[in-house]
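Quick note: numbers below take in every heavy atom, side chains included, and nothing from hydrogens, waters or symmetry partners.
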Amino acid sequence: MKAPADLKYSKNDEWIRVEDEVATMGITDYAQDQLSDVVFVEIVVFEGDKLGQGETCAVVESVKAAADIYLPVGGEILAINEALVDSPELINEDPFGKAWLIKIKISDPGELDSLMDAEAYKNLERDH
Amino acid sequence: MYTSHTQADREAMLKTIGVDKMEDLFQSLPDEGKFPELALPGGITEMEALDELQYISTANETPQELVSFLGAGAYNHYIPAAVDSILRRSEFYTAYTPYQPEISQGTLQAIFEYQSLIAALTGMDVANASHYDGATAVAEAVNMAYHNFRGRRKKIVLSPTVHPQYRDTIHTYMKGMNLEIVGENLKSEDGPDELIPLIDDQTALVLVQYPDFFGRIFDLTKLSEAAHANKALFSVHVNPISLGLIKPPSEFDADIVTGEGQALGIPMAFGGPYLGLFATKNQYVRKMAGRLAGETVDTQGKRGYVLTLNTREQHIRREQATSNICTNQGLITLASTVYLSLLGKNGLQELANLNYHKAHYAAERISTVPGFMVNPVQPFFNEFVVHCPLPAAEINQLLLAHDILGGYDLSQDYPDLTHELLVAVTEMNSRSEIDFMVEVLEEETHD
Amino acid sequence: MTEPTIFELSKPNRKGIRFPAPDVPLAELPKDFLREELPLPEVPENEVIRHFTNISQLNHAVDTGFYPLGSCTMKYNPKINEETARLPGFSQIHPLQPVETVQGALGLMHETQQWLSEISGFDAVSLQPAAGAHGELTGVLIIRAYHRSRGDTKRTKMLVPDSAHGTNPASSAMSGMKMVELPSNDRGNVDLDVLKAECDDTLAGIMITNPNTLGLFDENIIEACQLVHESGGLVYGDGANMNALLGIYKPADMGIDVMHFNLHKTFSTPHGGGGPGSGPVGVTKELADFLPAPLVVMTSEGDEDNPAFYDLINPEQTIGRVKSFHGHFSIIVRAFTYLLILGKNGLKDVATHAVLNANYIQARVKDIYHIPYERMCMHEFVTEGRWEDAPGIRALDISKRLIDFGFHPPTNYFPLIVPEALMIEPTETETKETLDAFADTLLQIADEAKNNPDILHNAPTKAPFGRLDEVKAAKELILKTQLPEDY
């Protein structure tokens, strides 16, 4: 299972990369593998929205599941990745790179403490 | 009945299972209450059952015995013999939801064609593979609009001339949603533009019927514009036969079109099963509940169909699905598919015209009877309101004495409309039936 | 060969039906409203019949072969039901006719309500709901209305076991309830300790399926219902698996307060390629006044000279209508025909043979297929479609291989709590020979899975179509015939 060491992870399989007070987020390699072929991505927040940690920000759909994606930290939405609308397969091809979902201006850096590092994420207990 | 094991079969099977007798199969059930004696009769043969059911059925009076002008959401139309011939193919009717596409292409292609026909008929981009009936289709339109705005818009503007039973159904469905439903208290005689002042930026949906419950045809352009100016969705409920004659709701830029599909080759059958039509624009396809078949190819590259966008549905989304619908109107969609295939473009135009002309003849003739009035300028399709000199219930009683079902007494739902009778005329009503009703009205209400 | 769509068979000015010329003078048309384009196909009758007959033959159906689709009760549909439902006295009556002209129909509905009451132990039954999920919505709204009628508005929590049908959580969400999922214990029963912890004054109720979707009778059912009742909640029963209980146990006697029936599962009305179903709801007397409007009642019992008289009423505290008119009447006629023919002994035979057949297949395959909760099952059982020594084989592959042998696959990937689930429900109407052939085939496939896995991966090869590309369908979303510009 791929999980780059410079990222932080939520238990819902989102990743987050923090640069200063801006965070970029997406879904993990494990998540895309569980979903299999992604056929549709809908980002349900807009630039400028101010949202809290854990709020729904996107829906990622494959032929066998639809997963709600939650904000790993709260803040103001700075950018959304429009490319995913036309090329949802990017999620399968490059989950930690081209398939970023949202950039957020973090409102409370303390929330980052609730996330895992790569090692902890890899060792997370799974139901199956 | 309908089980086939011999005593020897049963014994061999019980032995394989490792128990002695049939009762042992139920050992995990509590003893108290197990194997209750049912206070029901013993079984009868098929021959006796047919006899019994035939006897019961003769206690009902059909259009063979009664001349009927009753509509109000269920219509007596001719059903071509070919429709039932296809419905009786047990490859269709004894299959279930096509979960295994390799051995379900018959059902899947039929659904795909149904979607294509309903999209063409309504002028919309995409139709789902059905809701239970017109009432639940309308309730699902409200449900879809509510979810489209993620519950943030709480107001529904509902025309008072949407079928009263459909409005009841909306209220039932939406009980848990804290919606504000406005518009129903407006005067039913007024047109749809009266709804415009009620629309605001909290409105999720504006919902009207076209032709409306009173059969009237109104221009919906202004209402649609007002809905869209507030970014609300605009939903129109149709009588599908009327769309052979009048322009489809897509020309009013409807976002959702629903319909009662019973008129499309489905027997009246005391109210069901009928067919809820539901169509929308491409941009809302993922907000729409219900099943969808999509075109694809198999491993050999051969064109085929699968159920698609399943992930919107309850079996995957569970409590996050927009709707709980699972079993839908499968075979009834097939009936309407065969019906629309047979009629085609010319047949549906012919039929719609026939309904229109007969209804207008009836309206004109009834208007000649002293004390009876039909609005002479309001366009209508195959159903119209007659103002009577007596309460509509009394008129119906007078007509029933002559074996005529006069129509629907509107005072049941609109207390102010005490003397108003809703009369439907279809291709099944001959000129002589219409003349007969007019004669009876003349005789019975003459001083 | 690819079967053309009905649109591709069209040629201008063909028609499949003619209507009589108008026998009335023509009225002026509403010129502001006339439709210009009507892009429907134009096909003659014989071609329409041939087209739909041809595509029908691409289907597997109960009438063409074994259909052990778990949770769906794909039993044989007696042909007499089709005849009685089509009697003109039933098929041609209008739902709004005066009640005195439809006494036969109302009497039949009343009688069906009585039969369903007696079979289930409930005090009142409404025939209005159109399908199982529709019955669930009705039932949960009844529970909601009951609590609110007592001013108990904070009861909004609905418990749903993790093995439940997806319709349960969806129905409860549609009714504005907050759903809480309950885990099953290691015998596949509701976990009483977890249940106990959720029983508080916000509990609206629990939605329970018994036998549950593992095909097991919940051994804790009586206690579970008691716990819920003691804390002021109500118990909803999902009647999808009623086929196992006819004449065996009355759901009301377990402590269930409200339940839907699936006439298209238990009472032999056809599944129709996805419907129409019928989902009557039965309730205890405390809930009868909340049933959806209208209900059929007998207003006079009749005597030697006068027949009984039936009417439609709205219960005083009704939740309202859940659809137009009175329910799926012609489906109800079919179910009533079936009930009359079976009678009380026939009903019990249905359940005992359904359970016998399921246990028989389970016994024949259990040494080779892992059964996660190995107990005597009811009318169906769930097995895992995977083996450690057959890597890469999934339940789906087994299902597709079954198609090559002429069987409809079991339900796949449900219930969610069993990995690679295969849910097998043979029903009572199959012969021992069919059950043996199916069990033999399952064993053969298990052998192939280990020794010749490609044969499974490539299956089906003997069906009219190979596996279909679901990803392509979901990405391209072609949801209707693509018409040429000039159609």
### Task
Please assess B:Ile103 against C:Asn59 for the test side-chain contact (heavy atoms from CB on, under 4.5 Å), listing each intermediate value before the final yes or no.
CA-CA 5 Å; B:Ile103 46 171; C:Asn59 272 1; over 6 Å; no

### Message
One pair to check against side chain to side chain donor-acceptor pair (under 3.5 Å): C:Arg321 and B:His171. What are the steps and the verdict?
### Response
CA-CA 8 Å; C:Arg321 284 190 164 277; B:His171 284 282; over 6 Å; no

### Query
Given B:Phe270 and C:Val333, is the side-chain contact (heavy atoms from CB on, under 4.5 Å) satisfied, shown in steps?
CA-CA 11 Å; B:Phe270 203 46; C:Val333 176; over 6 Å; no

### Task
Apply the test side chain to side chain donor-acceptor pair (under 3.5 Å) to residues C:Ser56 and B:Arg89: give CA-CA distance (whole Å), side-chain angles for both, the deciding distance (0.1 Å), then the verdict.
CA-CA 7 Å; C:Ser56 79; B:Arg89 287 204 69 90; 2.8 Å; yes

### Query
Hey, mind stepping through C:Lys400 and B:Gln100 against side chain to side chain donor-acceptor pair (under 3.5 Å) and telling me if it holds?
CA-CA 8 Å; C:Lys400 297 305 183 194; B:Gln100 300 289 342; 2.7 Å; yes

### Task
With side-chain contact (heavy atoms from CB on, under 4.5 Å) as the test, would you mind laying out the steps for B:Asn60 and C:Gln97 before giving the verdict?
CA-CA 10 Å; B:Asn60 298 321; C:Gln97 277 183 223; over 6 Å; no

### Query
Is there a side-chain contact (heavy atoms from CB on, under 4.5 Å) between B:Gln329 and C:His328 once you walk through the steps?
CA-CA 10 Å; B:Gln329 300 304 96; C:His328 280 173; 3.3 Å; yes

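Checking side-chain atoms of C:Thr481 against main-chain N and O of B:Ser116 turns up no donor-acceptor pair under 3.5 Å. Listed for the B:Glu102 side chain is no donor-acceptor partner under 3.5 Å among the backbone atoms of C:Ala463. A donor-acceptor contact shorter than 3.5 Å is absent between the side chain of C:Gln103 and the backbone of B:Ala59. Side-chain N or O atoms of C:Arg35 include none that pairs as donor or acceptor with a backbone N or O of B:Pro248 at under 3.5 Å. Although no hydrogens or angles enter the test, the distance criterion places no donor-acceptor pair under 3.5 Å between the side chain of B:Glu91 and the main chain of C:Leu58. Here the side chain of B:Lys175 pairs a donor or acceptor atom with the backbone of C:Ile319 at under 3.5 angstrom.
Contacts between C:Leu477 and chain B at a heavy-atom distance below 4.5 Å involve the side chain alone, from C-beta outward. Proximity to chain B involves both the backbone and the side chain of C:Ile248, based on heavy atoms less than 4.5 angstrom apart. Proximity to chain B (any heavy atom under 4.5 Å) is shown, for C:Asn359, by both the backbone and the side chain. C:Thr64 touches chain B through its side chain: at least one heavy atom from C-beta onward sits under 4.5 Å away, while N, CA, C and O do not. Using a 4.5 Å cut-off between heavy atoms, B:Met177 contacts chain C through its side chain alone, with no backbone atom that close. In this structure, the portion of B:Tyr361 lying under 4.5 Å from any heavy atom of chain C is its side chain and not its backbone. Both the backbone and the side chain of C:Pro22 come within contact range of chain B, with heavy atoms under 4.5 Å apart. Looking at B:Thr308, the atoms closer than 4.5 Å to chain C (heavy atoms on both sides) all sit in the side chain, from C-beta outward. For B:Leu70, the parts sitting under 4.5 Å from any heavy atom of chain C are the backbone and the side chain alike. Contacts between B:Asp133 and chain C at a heavy-atom distance below 4.5 Å involve the side chain alone, from C-beta outward. Of the two parts of C:Tyr249, the backbone and the side chain both hold a non-hydrogen atom closer than 4.5 Å to a non-hydrogen atom of chain B. With a threshold of 4.5 angstrom between heavy atoms, B:Pro379 approaches chain C through side-chain atoms but not through N, CA, C or O. For B:Asn178, no part sits under 4.5 Å from any heavy atom of chain C, backbone or side chain. For C:Met174, the parts lying near chain B are the backbone and the side chain together; criterion is any non-hydrogen pair under 4.5 Å. When heavy atoms are compared at a cutoff of 4.5 Å, B:Tyr78 approaches chain C solely by way of its side chain, counted from C-beta outward. Only the side chain of C:Lys348 comes within less than 4.5 Å of a heavy atom of chain B; its backbone N, CA, C and O stay farther away. At a 4.5 Å heavy-atom cutoff, the contact between C:Asp32 and chain B is made by backbone atoms alone. With a threshold of 4.5 angstrom between heavy atoms, C:Arg144 approaches chain B through side-chain atoms but not through N, CA, C or O. C:Leu216 does not touch chain B: none of its heavy atoms, backbone or side chain, sits under 4.5 Å away. Heavy atoms of C:Ile403 lying under 4.5 Å from chain B belong exclusively to its side chain. For B:Tyr96, the parts lying near chain C are the backbone and the side chain together; criterion is any non-hydrogen pair under 4.5 Å. At a 4.5 Å heavy-atom cutoff, the contact between C:Ile222 and chain B is made by side-chain atoms alone. Contact of C:Glu118 with chain B is made through backbone and side chain together, with heavy-atom distances under 4.5 Å. Residue B:Ser130: no heavy atom, backbone or side chain, is found under 4.5 Å from chain C.
With chain B as partner, the option from C:Gly327, C:Ala173, C:Ser171 having the largest number of non-hydrogen pairs under 4.5 angstrom is C:Ser171. Contact count versus chain B (heavy atoms, under 4.5 Å) is highest, among C:Asn345, C:Leu87, C:Asp253, C:Leu347, for C:Leu87. Note: C:Glu430 leads C:Met177, C:Arg364, C:Glu430, C:Glu36 in heavy-atom pairs under 4.5 Å with chain B. When each of B:Val19, B:Asp84, B:Leu400, B:Leu309 is scored by its heavy-atom pairs under 4.5 Å with chain C, the top score falls to B:Asp84. Taking chain B as the reference chain and counting heavy-atom pairs below 4.5 Å, the highest number among C:Lys250, C:Glu476, C:His94 is found for C:His94. Your options are C:Pro276, C:Ala363, C:Gly343, C:Ala130, and the one with the most heavy-atom pairs under 4.5 Å with chain B is C:Pro276. Counting heavy-atom pairs closer than 4.5 Å to chain C, the top residue among B:Thr58, B:Leu38, B:Leu50 is B:Leu38.
Residues passing the salt bridge (charged side-chain N to carboxylate O under 4.0 Å, His left out) test with C:Lys432 are C:Asp436, sequence neighbours excluded.
Scanning all heavy atoms of the two residues, the minimum distance from C:Pro88 to B:Thr62 falls at O-CG2, 3.3 Å. Scanning all heavy atoms of the two residues, the minimum distance from B:Gln109 to C:Ile55 falls at OE1-CG2, 3.7 Å. Residues C:Gly273 and B:Thr107 come closest through the heavy atom pair O-CG2, 3.6 Å.
In this structure, B:Tyr173 and C:His134 have tilted ring planes: the angle between them lies in the 30° to 60° band. Using the six-membered ring where Trp is involved, C:Phe325 and B:His163 have ring planes that are perpendicular, over 60° apart on the 30 and 60° scheme.
Salt bridge annotation for B:Glu350-C:Arg18: absent, with no cationic side-chain nitrogen under 4.0 angstrom from a carboxylate oxygen. Checked for salt-bridge contact, C:Glu83 and B:Arg88 meet the test: a charged N lies under 4.0 Å from a carboxylate O. By the 4.0 Å N-to-carboxylate-O rule, B:Lys358 lies close enough to C:Asp23 to be salt-bridged with it.
The 12-atom threshold is exceeded at CD of C:Glu219, counting heavy atoms of other residues, nucleotides or ligands nearer than 6.0 Å.
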